[in-house]
Amino acid sequence: MKSPIRNRKYATEITADNEGEHVRIAGWVHEKRHLGGVFFLVVRDLGGFAQVTLHKGEVEKELFERVKKVPRESVVAIEGKVKSEKKAPNGYEIIPERMEVQSEASQVLPLDTTGKVGAELDTRLDARFMDLRTERTKHIFIIRSRVLKAIRDFLDERGFIETNTPKIVSAATEGGTALFPISYFEREAFLNQSPQLYKQMLMASGFDKVYEIAPIFRAEEHDTTKHLNEATSVDIEVAFVSDKEVMALLEELIAFVYTKVMDYPGLAKLNLKLDVPKTPFRRINYDEAIKLLSEAGEEIEWGEDLSTSAEHTLGDIISELYFITDWPCAIKPFYAQPGDVEAEGKRKDICNAFDLMHPKVELASGSQRVHSYELLKRNIESKGLSADGFEFYLDSFRYGMPPHAGWGLGVERLLMSMLGIDNIREVVLFPRDRRRLAP
RNA sequence: GCCCGGGUGGUGUAGAGGCCUAUCAUUGAGCCCUGUCGAGGCUCGGACUCGGGUUCAAAUCCCGACCUGGGCGCCA
């Protein structure tokens, strides 16, 4: 009988107060401890661990022998009576009456699930399904789920509309990164590097505030602890606002996500203390960043992007979440709005663009967008791109496009920076990198 | 793409020309043990990434391939 379990209880749903009750639990055989006359079987489920105790002579001999023999990590369903017991880990134990082995695990295991012997990340990723059975990994992904829910709750509450834009796109791109070519019937197509063009087009729809949480694909051959070839991006776009408003929204969102993660009980399993970052975050402009770096002995020529070591140096100096604003247009995409010379005494070669930085890694970047058809077209061409390829995008700017602003936030980078995890692969179930295409 | 490391039982490691029929832990098989919670004790199994080369002798040195860790570039 390999049947579903009726009235299944999680280990954490049972307490000593259930003394005498009949319960059914199901899960994986985490550990077995045989002390001769007494045998402990630790069953693991999503909630935690339940101890099943068998006394020789007090339990059927056949059952005792079967429990003794069931291999670790097998899936079992157990029916028995709850007994309040001070000596048991959770204050109770289960005296079994029946055990059904629903799936017997082969031996030996590719990974230790108890935490006694470590495994390298590569080994863990090869056997990710089993790695997810370990406490630490399990909690990382439950937290990931909470982070995504928090983001949706936050944006939904503020009137955002969740959207889905295509991941298979034609050749036209923002430039910069390399794309994955794919075969699309008789044509060539590409995997989308970001929803940028589409979310902007939606600004011409009247939706006003949109967001999308979706995969992005980058064909870069980088091999680092903070890059993936398939990542998840939170993208927002808001009409009738400037970069200032979406920056404020971003910092509030980050703080909100932190508070939601802090509430999570499993956080203790990651040996982590979280502090909610104070808003508003510190803002420095590009010129100040260059100056700070120069004072620290890191010379950056004006107009150059920040190198990895410059990012780290700056992160050490500031040591909290911060924005870098007012970037040179030359190193920002064509859709970033240049400063308004007349209104604010700003330079035309400076854009209303920003990056959100964690001391260790860039988390997000955004800007006020160009909403003038003419300027946008000129910008595309001045970046050496062909306006023809952008016709579908440019068209949306010709029939009433409001001013707008937005940003893109890397979910994995937010998670890794929040949880103090060094390798981005740890926060993706099945990461795709230069070498890894399976599992 | 560049630079620097590393590939030893299922997992994590020690070993740096002969002392290696290769260390330790954990796992596996089995035995003892009636309160474990990283249980304990005993017995047994299980490995030098692959291909060339140097040498009387290679896990150890050299070359190549493959795999892999880190830094940088690029990129978000």
Side-chain angles (χ1 to χ4, degrees), chain A residues 30-42 44 48-59 64 68-69 71-73 83 85-91 93 105-127 130-131 134-135 173-179 193-196 215-235 304-312 331-333 355-358 361-366 407-414 416-417 422-425 433-436:
Chain A
H30 187 67
E31 278 186 295
K32 299 192 291 181
R33 282 190 270 275
H34 188 191
L35 284 76
V38 65
F39 190 97
F40 300 106
L41 183 81
V42 179
R44 183 189 66 244
F49 304 93
Q51 175 168 292
V52 177
T53 305
L54 298 92
H55 289 276
K56 204 171 194 170
E58 292 175 26
V59 78
F64 193 93
K68 210 172 90 180
K69 283 209 173 69
R72 285 173 61 221
E73 293 303 323
K83 185 182 165 209
E85 174 57 71
K86 283 199 290 290
K87 284 177 280 186
N90 298 322
E93 60 193 13
S106 301
Q107 303 298 119
V108 302
L109 305 169
L111 225 53
D112 166 45
T113 55
T114 64
K116 284 180 209 162
V117 182
E120 291 193 7
L121 183 57
D122 191 57
T123 306
R124 291 170 45 205
L125 291 176
D126 281 341
M130 189 158 289
D131 181 44
T134 65
E135 285 298 284
T173 82
E174 312 161 38
T177 195
L179 300 185
Q193 72 175 95
S194 96
Q196 182 64 33
I216 55 171
F217 305 92
R218 307 283 164 96
E220 299 292 338
E221 295 193 7
H222 34 220
D223 227 339
T224 77
T225 51
K226 44 176 151 310
H227 294 273
L228 289 167
N229 294 295
E230 179 178 342
T232 309
S233 174
V234 178
D235 271 89
E304 267 181 15
D305 210 344
L306 266 43
S307 66
T308 305
S309 90
E311 274 183 21
H312 292 165
I331 48 173
K332 283 291 166 188
D355 281 3
L356 173 63
M357 308 295 296
H358 178 273
V361 66
E362 179 188 336
L363 297 181
S365 62
W407 43 252
L409 164 72
V411 171
E412 287 82 12
R413 287 189 173 183
L414 174 61
M416 71 188 287
S417 64
D422 290 329
N423 196 317
I424 197 166
R425 293 163 183 82
D433 63 30
R434 179 77 185 88
R435 299 188 180 102
R436 187 174 284 278

Taking A/D122 first and then A/R435, would you say they form a salt bridge - that is, a charged N and a carboxylate O separated by under 4.0 Å?
no

Please state the P separation for the pair B/C4 and B/C63 - nearest whole angstrom.
12 Å

How many Å lie between CZ on A/R435 and P on B/G6, as a whole number?
16 Å

Is the closest basic N to carboxylate O distance between A/D126 and A/R436 below 4.0 Å?
yes

Secondary-structure string, 5' to 3', Watson-Crick or G-U under 3.5 Å, | for another-strand partners, for RNA chain B:
(((((((..(((.....[.....))).(((((.......)))))....(((((..]....))))))))))))....

What is the distance, rounded to the nearest whole Å, between atom NZ of A/K68 and atom P of B/C32?
8 Å

Using nucleotides 7-11 of chain B, report all nitrogen or oxygen pairs with the protein that are shorter than 3.5 Å.
residue, atom, partner, partner atom, Å
B/G10, O2', A/L109, O, 3.2
B/U11, O2', A/G118, O, 2.8

Is it true that A/K83 and A/E85 make a salt bridge, defined as a side-chain N closer than 4.0 Å to a carboxylate O?
yes

Would you mind classifying the nucleic acid contact of A/A231 as base, sugar-phosphate or nothing, using non-hydrogen atoms under 4.0 angstrom?
base

Mind telling me whether A/F39 and A/H34 have parallel, tilted or perpendicular rings, with 30° and 60° as the class edges?
tilted

Name the nucleic acid region contacted by A/A88, choosing base, sugar-phosphate or nothing; use a 4.0 angstrom heavy-atom cut-off, strictly under.
base

Which one, B/G35, B/G1, B/G38, comes nearest to the side chain of A/E221?
B/G1

Please report the distance separating the C1' of B/C44 from the corresponding atom of B/G5, rounded so that it comes out in whole Å.
38 Å

Applying a 4.0 Å non-hydrogen cut-off, can you work out what A/T224 is touching in the nucleic acid: base, sugar-phosphate, or nothing?
base

Identify every side-chain donor-acceptor pair in residues 48-58 of chain A under 3.5 Å, counting partners at least two apart or on other chains, and give the distances.
residue, atom, partner, partner atom, Å
A/Q51, NE2, A/T53, OG1, 3.4
A/Q51, NE2, A/E93, OE1, 3.3
A/T53, OG1, A/E93, OE1, 2.8

Please give the distance between the C1' atoms of B/G17 and B/C75 as a whole number of Å.
46 Å

At less than 4.0 Å, is any side-chain N or O atom of A/K87 found next to OP1 or OP2 of B/U36? Yes or no.
no

Specify the separation, in whole Å, of atom CZ of A/R72 and atom P of B/G38.
14 Å

Classify the nucleic acid contact of A/Q51 as base, sugar-phosphate or nothing, counting any heavy atom under 4.0 Å across all strands shown.
base

When the C1' atoms of B/A16 and B/C33 are compared, how many Å lie between them, rounded to an integer?
44 Å

Please state the C1' separation for the pair B/A14 and B/U23 - nearest whole angstrom.
5 Å

Take atom CD of A/E220 and atom P of B/C75, then tell me their distance rounded to the nearest Å.
7 Å

If we take the C1' atom in both B/C42 and B/A47, what is their distance in whole Å?
24 Å

Hey, mind stepping through A/L409 and A/S233 against side chain to side chain contact (heavy atoms under 4.5 Å, CB included) and telling me if it holds?
CA-CA 6 Å; A/L409 164 72; A/S233 174; over 6 Å; no

Gap in Å between the two P atoms, one belonging to B/C67 and one to B/G73, rounded:
25 Å

Between A/D355 (CG) and B/C75 (P), how many Å, whole number?
13 Å

May I ask you to say what A/L228 touches in the nucleic acid, namely base, sugar-phosphate or nothing, with a heavy-atom cut-off under 4.0 Å?
base

Say you pick atom P in B/U55 and the same atom in B/C66; how far apart are they, in whole Å?
28 Å

B/G73 P sits how many Å from A/D305 CG, rounded?
10 Å

Mind checking the CZ-CD1 spacing from A/R413 to A/I424? Nearest 0.5 Å is all I need.
6.0 Å

Nearest heavy atom decides the nucleotide; on that basis, is A/E31 or A/G37 closer to the 5' end of RNA chain B?
A/G37

Mind checking if A/Q107 touches a base, just sugar-phosphate, or nothing, with heavy atoms under 4.0 Å?
sugar-phosphate

Evaluate side chain to side chain contact (heavy atoms under 4.5 Å, CB included) for A/R72 paired with A/T113, printing each intermediate quantity in order.
CA-CA 10 Å; A/R72 285 173 61 221; A/T113 55; 4.3 Å; yes

Does either side chain, that of A/E31 or that of A/T114, offer a donor lying less than 3.5 Å from an acceptor on the other one?
no

Looking at the side chain of A/D122, which of B/U34, B/U68, B/A76 is the nearest nucleotide?
B/U68

What integer distance in Å separates A/E362:CD from B/C74:C1'?
13 Å

From A/E362 CD over to A/L306 CG, what is the distance, rounded to the nearest 0.5 angstrom?
9.5 Å

Distance col, row A/L109:CG vs A/E73:CD, nearest 0.5 angstrom, shows 6.0 Å

Is any side-chain N or O of A/H222 under 3.5 Å from a base N or O of B/G1, one able to act as donor and the other as acceptor?
no

Just how far, in rounded Å, is C1' of B/G30 from NZ of A/K32?
12 Å

With heavy atoms under 4.0 Å as the rule, sort A/E93 into base, sugar-phosphate or nothing.
base

Checking all strands, does A/N423 fall into the base, sugar-phosphate, or nothing category for heavy-atom contacts under 4.0 angstrom?
sugar-phosphate

Tell me what A/T225 touches on the nucleic acid: a base, only sugar-phosphate, or nothing, going by heavy atoms under 4.0 Å.
sugar-phosphate

With a 4.0 Å cut-off on N to O distance, would you call A/R44 and A/E135 a salt bridge?
no

Mind checking A/H30 for me? I need base, sugar-phosphate or nothing, with any heavy atom below 4.0 Å counting as a touch.
nothing

Quick check for you: among B/G38, B/C37, B/C33, whose closest atom lies nearest to any side-chain atom of A/P89?
B/C37

